[in-house]
Amino acid sequence: MNIRACETQKSRWFTNARVPVALAEGFPLRALDHDSGLATMDFGITADGALTPENNGGAELDLAGRMVLPTFIDSHVHLDKAYIVRRTGIPHGGLLDAVKLSGADAANWSQTDLKSRISQALERAYLHGTSAIRTHLDTPVMPDESEAWRVFDEMRSDWRGRIALQAVALMALERVEQAEFIERCRQISRLGGVLGAFIAPKTATPERLDALFSCAGETGLAVDFHVDETLAPDAMALELICDSILRAGFKSPVMAGHCCSLSSMPMADRDRIIDKVARAGVHIVSLPHSNLFLQDRSNGATPSRRGMTTVRELAAGSASVHFASDNVQDPFYPYGDFDMVDVFRSAVRTAHLETDIGSWAARQFREAAKACGFGQHGLVAAGAPADLIILDASDWLDLMSRSSAGRVVLRGGVPLQPLPFNLRDLFAMEYS
């Protein structure tokens with residue numbers, strides 16, 4: 001099923017929406033609640049699908065205090081692995097077992113298979129209210145020869161205007177030592193991609209990282225790492241990345257995913273590294289679903305250690321940090337539905353963010369946009385396209401508590417079809 005917005009459009013005037021103050025631009029706000037960061041707002045949608053603070057005489061809909069959010073950015077996913085868990089099975093152990101299961105399935109990743117699974121993933125993300133995605137693509141061959149990159153390029157074109165797509169060419173850090181590495185970077189650049197590196201334990205060295213950033217700088221590439229995806233307290237690859245950036249003065253965006261080891265190391269080491277992360281400008285993306293699933297996992301045992309990185313300490317240290325989906329229905333995480341509300345709900349509960357959800361929600365949207373260069377995504381801004389999520393919840397705790405809370409996703413002011421059943425009556429007359 002290819003889900004698209006319905007075709008009709010009219011001017012609309014919405015009253016009594018509750019919006020995050022930090023994400024609203026160009027609208028009069030009232031009834032500000034400093035604890036939640038929410039305020040009440042009225043907004044219009046023009047006939048051409050833009051947000052406006054002016055009541056242009058369109059049909060009025062009272063949202064009665066329901067929350068309104070911008071559409072989400074999912075900054076770290078693996079579209080090429082989505083939905084393979086029924087073929088691979090579930091790992092008995094942790095990360096390395098998941099890698100082996102995924103690698104064994106890669107022989108099935110034909111263009112037909114990839115296109116079917118990636119299309120399904122994008123449809124689910126679109127329906128749930130995601131409008132921008134960065135995906136990692138395993139790239140063991142040269143990018144120009146990659147089936148995954150061919151399919152991604154087709155999907156990027158097909159989904160233009162609905163989901164903005166970026167791709168990261170994911171490969172082992174050791175490839176930087178191959179003579180062909182600079183050509184790899186040139187091909188990634190021509191494909192409009194991001195340079196990615198998976199850093200296995202004990203493989204990061206200053207020489208390798210300096211070479212990687214040199215090639216990235218020469219070819220104008222942003223960089224995105226899988227790093228310190230372990231609870232070993234002596235995993236220090238993130239610190240080496242920061243040291244290399246500071247030595248080179250590298251200016252393009254750098255994202256680092258996972259960083260689980262920060263949660264296990266001595267406080268002095270953790271705080272030193274967080275300070276370097278902030279000074280180097282590295283964007284940290286925490287991936288609660290896969291990290292909680294894989295870290296401290298062994299057959300028949302209950303995990304005693306959490307897999308999430310130290311998000312609160314990173315934020316307190318002025319580092320950029322946000323959350324993303326990572327894996328969906330593959331051996332790295334056999335659940336999920338490309339639903340960023342679900343991801344954020346998991347992050348709040350597991351990282352104990354409930355006393356400051358509003359600040360974390362603002363961070364979630366704006367830091368993800370900055371990390372990926374997705375511009376005005378993640379804002380409710382006057383003059384911008386009316387890409388919104390209307391939630392059947394009155395505040396953050398309501399949203400965190402009710403996993404069944406309905407939502408209406410508007411794209412260009414038009415609701416996606418089908419409408420969630422429990423909000424259908426609100427929109428039936430005006431959007432029929």
Side-chain angles (χ1 to χ4, degrees), residues 69-82 95 98 118 121-122 124-126 128-138 152 163-168 170 194 196-198 222-229 238 253-260 262-263 277 282-295 306-312 314-315 319-330 332-351 353 357 360-374 377-378 389:
L69 297 178
T71 48
F72 278 96
I73 299 150
D74 203 349
S75 68
H76 181 125
V77 303
H78 291 264
L79 295 178
D80 56 353
K81 297 180 176 69
L95 177 62
I118 292 174
L122 294 175
R124 297 306 297 167
Y126 183 61
H128 284 129
T130 292
S131 61
I133 288 176
R134 174 182 283 189
T135 182
H136 294 257
L137 301 175
D138 284 6
F152 172 80
I163 298 180
L165 289 171
Q166 295 178 353
V168 179
L170 184 60
V194 175
F198 170 75
V223 183
D224 197 323
F225 292 99
H226 284 56
V227 58
D228 293 345
E229 194 173 354
L238 178 60
V254 178
M255 193 169 348
H258 301 290
C259 308
C260 306
L262 285 175
S263 67
V277 167
V282 176
H283 298 273
I284 305 298
V285 55
S286 174
L287 307 159
H289 284 168
S290 57
N291 288 155
L292 288 166
F293 178 76
L294 289 173
Q295 298 301 308
R306 293 186 174 190
M308 284 186 70
T309 191
T310 54
V311 295
R312 294 175 62 134
L314 283 158
S320 169
V321 58
H322 64 278
F323 306 97
S325 291
D326 201 8
N327 299 83
V328 172
Q329 296 189 38
D330 65 22
F332 299 86
Y333 185 67
Y335 315 111
D337 197 24
F338 289 99
D339 182 357
M340 283 299 296
V341 174
D342 183 41
V343 172
F344 187 60
R345 186 181 286 120
S346 295
V348 167
R349 291 174 176 175
T350 55
L353 308 180
I357 300 176
W360 280 96
R363 188 176 287 113
Q364 174 60 41
F365 285 95
R366 297 315 302 147
E367 295 303 332
K370 292 175 187 175
C372 298
F374 277 128
H377 285 271
I389 307 170

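- Scanning both residues, Val77 and Ile133, for their nearest heavy atoms gives CG2-CG2, 3.5 Å.
- Leu292 approaches Gly307 most closely through the heavy-atom pair CD2-N, 3.8 Å.
- Rounding to the nearest 0.5 Å places OG1 of Thr135 at 10.5 Å from CD of Gln166.
- For the pair Leu238 and Cys259, the tightest heavy-atom approach, listed with the atom from each and the gap, is CD2-SG, 3.9 Å.
- Applying the side chain to side chain donor-acceptor pair (under 3.5 Å) test to pairs two or more places apart or on separate chains, those with a residue in residues 360-372 are Ser320-Glu367.
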TODO: Test side-chain contact (heavy atoms from CB on, under 4.5 Å) on Leu165 and Phe152 and set out the steps.
DONE: CA-CA 9 Å; Leu165 289 171; Phe152 172 80; 3.8 Å; yes
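- Under the ring pair (Phe, Tyr, Trp, His ring centres under 6.0 Å) criterion, Phe365 pairs with Phe72, not counting sequence neighbours.
- With hydrogens and angles disregarded, no donor-acceptor distance shorter than 3.5 Å links the side chain of Asp339 to the backbone of His128.
- No side-chain donor-acceptor contact under 3.5 Å links Asn327 and His289.
- Each of Asp228, Asn291, Thr309 was evaluated against His258; a single residue qualifies, Asn291, per the side-chain hydrogen bond (donor to acceptor under 3.5 Å, both in side chains) test.
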- [ ] Dump the intermediate steps for side-chain contact (heavy atoms from CB on, under 4.5 Å) on Arg306 and Ser263, then the final yes or no.
- [x] CA-CA 8 Å; Arg306 293 186 174 190; Ser263 67; over 6 Å; no
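- Under the 30°/60° scheme for interplanar angles, the aromatic rings of His136 and His76 are found to be tilted.
- Across Ile163 and Leu122, no two heavy atoms sit closer than the pair CD1-O, 3.5 Å.
- By the side-chain contact (heavy atoms from CB on, under 4.5 Å) test, Ala82 pairs with Ala121, Phe338, sequence neighbours left out.
- Heavy atoms only, all atoms of each residue included: Arg312 and Ala351 are closest at CD-O, 3.4 Å.
- A donor-acceptor pair is defined here as one N or O able to donate and one able to accept, closer than 3.5 Å; such a pair exists between the side chain of Gln329 and the backbone of Gly336.
- The side-chain hydrogen bond (donor to acceptor under 3.5 Å, both in side chains) test with Lys81 singles out one residue from Asp330, Asp326, Asp138, and that residue is Asp138.
- Of all the heavy atoms in Val168 and Gly196, the pair that sits closest is CG1-CA, 3.4 Å.
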TODO: Show the numbers, then the answer: is there a side-chain contact (heavy atoms from CB on, under 4.5 Å) between Asp337 and Asp342?
DONE: CA-CA 8 Å; Asp337 197 24; Asp342 183 41; over 6 Å; no
- [ ] Apply the test side-chain contact (heavy atoms from CB on, under 4.5 Å) to residues Cys372 and His283: give CA-CA distance (whole Å), side-chain angles for both, the deciding distance (0.1 Å), then the verdict.
- [x] CA-CA 9 Å; Cys372 298; His283 298 273; over 6 Å; no
